[in-house]
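Lettering follows sequence order; numbering is per chain, from 1. Because the structure is predicted, anything quoted here is derived from the model rather than measured.
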There are 2 protein chains.
Amino acid sequence: MVEEICHICNDKSTGKHYGAISCDGCKGFFRRSIRKRYHYTCRFEQNCDVTRNKRNACRACRLQKCVKAGMKSNAIQNERDAIGKRKKTPEEGKEDLIDQLVAAEQMCQQLRSSVIKNTSSLAPYDCGKVKWNYEDARSATLDDIGKSIHQQLVLFIEWAKSLPQFSFLAQVDQAALLKGGAASIIVLGVAYRSIHLGMDDTICLANDTLLPKEHATQVGDINHFSCVVGRILAELVNPMRRLDMDLVEYVALKAILFFNPVVRECNDQTSVENARFACLRSLQRRCTDKAIVNQEDDSQDCRSGKLLLLLPSLQAIAQQLVEDVQLARLFGLVNVDSLMEELILNDLKPSDPQILQTSLASPVNTPSVKAEVEVEE
Amino acid sequence: MVEEICHICNDKSTGKHYGAISCDGCKGFFRRSIRKRYHYTCRFEQNCDVTRNKRNACRACRLQKCVKAGMKSNAIQNERDAIGKRKKTPEEGKEDLIDQLVAAEQMCQQLRSSVIKNTSSLAPYDCGKVKWNYEDARSATLDDIGKSIHQQLVLFIEWAKSLPQFSFLAQVDQAALLKGGAASIIVLGVAYRSIHLGMDDTICLANDTLLPKEHATQVGDINHFSCVVGRILAELVNPMRRLDMDLVEYVALKAILFFNPVVRECNDQTSVENARFACLRSLQRRCTDKAIVNQEDDSQDCRSGKLLLLLPSLQAIAQQLVEDVQLARLFGLVNVDSLMEELILNDLKPSDPQILQTSLASPVNTPSVKAEVEVEE
DNA sequence: ATCGCCCGGTCAAAGGTCGC
DNA sequence: GGCGACCTTTGACCGGGCGA
């Protein structure tokens with residue numbers, strides 16, 4: 001058994017250090033002294049007391065007593081590599097990114113409330129010829145679908161503008177990202193919102209109206225929509241629920257999706273890629289941390305991978321949605337405003353970039369109501 | 001006789017450890033590093049001295065030198081019980097999984113060679129009315145495109161059948177996975193094969209014919225194909241090259257893609273999901289190991305995430321390819337055989353499951369030549 | 001059987017961290 | 001800027017399984 005008393009200062013010892021039974025204080029003192037080649041001089045008689053309370057009074061005598069107690073300077077090793085931090089503080093830059101994304105999301109949530117109020121008080125937005133027959137007052141009409149898509153587009157642009165990584169890009173690249181990501185990000189938003197509904201067969205649109213799967217089936221001509229709703233539920237909402245996806249993961253996934261470096265017409269791929277990977281790193285970090293907190297939970301394993309694997313389905317569903325809208329427009333079932341045309345149905349024709357430019361130019365948090373409700377013809 | 005000197009730090013060695021003559025220190029260091037998935041960063045120039053006295057100064061360089069000296073991370077065994085008994089570990093299964101996937105891939109590669117020989121010696125496979133005008137003898141004709149898709153489908157089924165996780169499924173689920181994954185997996189294969197071409201604007205089809213991007217543009221009527229080729233290059237081949245994706249990562253990604261639990265008509269989602277997550281775990285494991293071995297390479301960071309982020313693009317391209325083929329068939333530009341119709345153009349009509357069932361029933365490694373070259377009408 | 005060899009694990013004593 | 005309570009990493013030293 002190791003002795004309990006430090007042979008240098010009589011403090012409680014923590015074992016043998018450098019050849020002498022000693023406390024952590026004397027251990028550290030000896031190491032620092034040897035490492036830095038300190039030369040101490042006693043201002044008294046070289047016989048100062050070195051005890052727990054007085055040991056810091058005379059360094060010369062303390063060091064001398066260390067040697068007398070048996071400490072060997074050759075037991076001091078060379079400096080080693082830096083070790084893991086004790087307190088979790090080095091991730092400030094990365095935490096900032098997550099915080100920033102969460103803030104952007106909350107800003108948009110607030111804006112959404114006001115937009116819903118605004119647009120519903122304005123003249124009705126004519127979205128097409130076919131009307132849903134609905135029983136429940138909260139159920140979505142075809143009109144609601146068009147409205148909610150439009151609103152989501154406006155909010156999507158505001159969201160993007162609030163991200164520094166986005167606003168540093170050239171305007172052509174900004175437009176490219178917006179066009180490339182609009183459909184997917186709207187679908188992602190609908191799916192995430194629908195998680196909290198608790199209904200297995202209903203999605204929740206951006207203006208808080210509900211769209212049940214069977215409901216969508218009833219309209220024969222555009223039963224494709226039903227298919228999209230069903231896929232959103234089966235391929236996104238359900239897996240998200242099972243993963244118990246949280247807000248942080250949602251915003252990270254959204255940003256990763258948005259900063260797509262291989263989107264068409266993107267010039268500065270490097271910047272976009274860097275933004276994407278920064279988000280990816282944050283997401284992975286966050287998932288690892290979560291896994292450490294609740295160990296026994298099996299769903300935490302490979303969590304970031306599972307989240308990323310939602311994206312292929314999302315991509316496919318968004319693409320199908322775009323086609324359905326195109327088809328619906330072809331048959332005259334829906335009217336399509338300029339914003340929708342520009343962002344969702346990215347036709348190959350050199351579209352008039354006016355709408356987008358106006359939206360991009362206006363300051364954050366204040367989307368022009370004009371653009372917001374503007375309708376073609 | 002064993003050498004006396006540690007090949008990493010020149011200390012006295014205690015024998016061979018993990019593949020390299022080394023001391024106990026380097027042995028322990030390597031084991032701890034691999035086990036705990038540590039990721040070190042050199043604070044200097046990646047060329048620190050690793051000698052007896054300085055070996056603890058830079059863990060990044062020490063680990064790198066361990067690898068250079070021949071230490072293999074797969075020599076690190078599984079954790080044992082404190083008692084010292086070797087316990088049956090789930091880890092073994094994981095390594096097996098990767099090996100199994102690689103084996104399945106190699107089996108298909110061999111099969112491909114024989115299939116190419118077989119089909120080219122058979123009567124020409126009429127693929128449509130329009131012929132490519134090509135200068136280079138090795139360039140692909142439209143005929144080649146049809147042929148290669150067909151071949152890939154045959155191999156795809158054989159590949160799937162060779163996977164135990166697949167063969168344990170009910171036949172309806174097997175059919176669902178095959179239908180849901182065919183297009184994506186063919187595109188993934190084309191992209192991966194094209195990495196090694198070294199040409200920036202050309203993809204390599206399954207029968208080893210080449211298809212340059214501009215080449216595809218020349219045919220006006222189906223210039224959509226050119227678009228698909230361009231997207232494969234920009235969104236898949238190029239990123240894959242930059243990541244320096246290897247075979248193991250390719251097969252893991254392919255299996256993850258294939259075991260899609262949210263594919264249509266899939267009943268036993270749980271089994272499919274388990275298979276997917278097993279592959280995902282293996283991929284992540286493998287990426288972490290790779291990151292440990294080459295530290296200085298920045299591309300290793302978040303590697304599994306970067307690989308998974310190829311999948312949304314892949315999904316979109318595959319979907320576009322399907323639409324192009326549908327369109328081309330509509331205009332009578334290509335003939336579509338039963339297999340292609342069933343797997344690629346998954347029409348909603350209850351298709352005759354004969355072809356698929358025949359293929360699924362025949363033993364592995366011996367696809368019936370009949371099915372292989374069968375053409376409609 | 002018994003002897004190296006090379007896996008595994010352990011823990012005293014090195015190291016480093018960071019609020020005070 | 002040193003001190004020292006508190007934490008991490010190191011590596012010498014074991015035990016065990018396996019092939020010769």
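D:dG2 atom P lies 7 Å from atom CZ of A:R59, rounded to whole Å. Rounded to whole Å, the distance from CZ on B:F30 to C1' on C:dG8 is 15 Å. Across the protein-nucleic acid pair, B:N53 atom CG and D:dT10 atom P stand 16 Å apart, rounded to whole Å. Nucleotide C:dC5 holds its P atom 10 Å from the CD1 atom of B:I21, rounded to whole Å. Distance, B:R52 CZ to D:dG11 P: 8 Å, rounded to whole Å. For the pair B:F29 CZ and D:dT8 C1', the computed distance is 14 Å after rounding to whole Å. Per the geometry, CG belonging to A:D81 stands 9 Å off P belonging to D:dT10, to the nearest Å. When rounded to the nearest whole Å, the span between NZ of B:K27 and P of C:dC6 equals 10 Å.
Under the Watson-Crick or G-U wobble criterion, with both distances below 3.5 Å, D:dG1 has no partner in any strand shown.
The side chain of A:R80 places no N or O atom within less than 4.0 Å of a non-bridging phosphate oxygen (OP1 or OP2) of D:dT10. A sub-4.0 Å separation between OP1 or OP2 of D:dG11 and a side-chain N or O of B:N56 is present. Phosphate proximity of D:dT9 to B:R62: absent, as no side-chain N or O sits under 4.0 Å from OP1 or OP2. Look at B:R55 and you won't find any side-chain N or O under 4.0 angstrom from OP1 or OP2 of D:dT10.
Side-chain contact check for B:S271 and B:N274: no donor-acceptor pair (N or O, by modelled atom type) lies under 3.5 Å. Donor-acceptor pairing under 3.5 Å is lacking for the side chains of B:T51 and B:N10. A:S73 and A:Y18 share no donor-acceptor pair across their side chains, judged by distance under 3.5 Å alone.
Put simply, the side chain of A:R32 and the base of D:dG4 share a donor and an acceptor less than 3.5 Å apart. The base of D:dG2 lies outside donor-acceptor range of the side chain of A:K36, with no N or O pair under 3.5 Å. Between the base of C:dG16 and the side chain of A:R31 there is a donor-acceptor pair shorter than 3.5 Å.
Here C:dC6 is the nucleotide among C:dC6, C:dG15, D:dG11 with the atom lying nearest to any side-chain atom of B:H17. Among the nucleotides C:dA14, D:dT10, D:dT9, the one closest to the side chain of A:Y18 is C:dA14.
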Original post:
Between A:F166 and A:F259, does a ring-ring contact (aromatic ring centres under 6.0 Å, His included) hold up when you go through it step by step?
Top reply: CA-CA 8 Å; A:F166 176 78; A:F259 290 113; 7.3 Å; no
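No contact: B:G28 has no heavy atom under 4.0 Å from any strand.
Under the 4.0 Å criterion applied to side-chain N and carboxylate O atoms, A:E79 and A:R35 are not assigned as salt-bridge partners.
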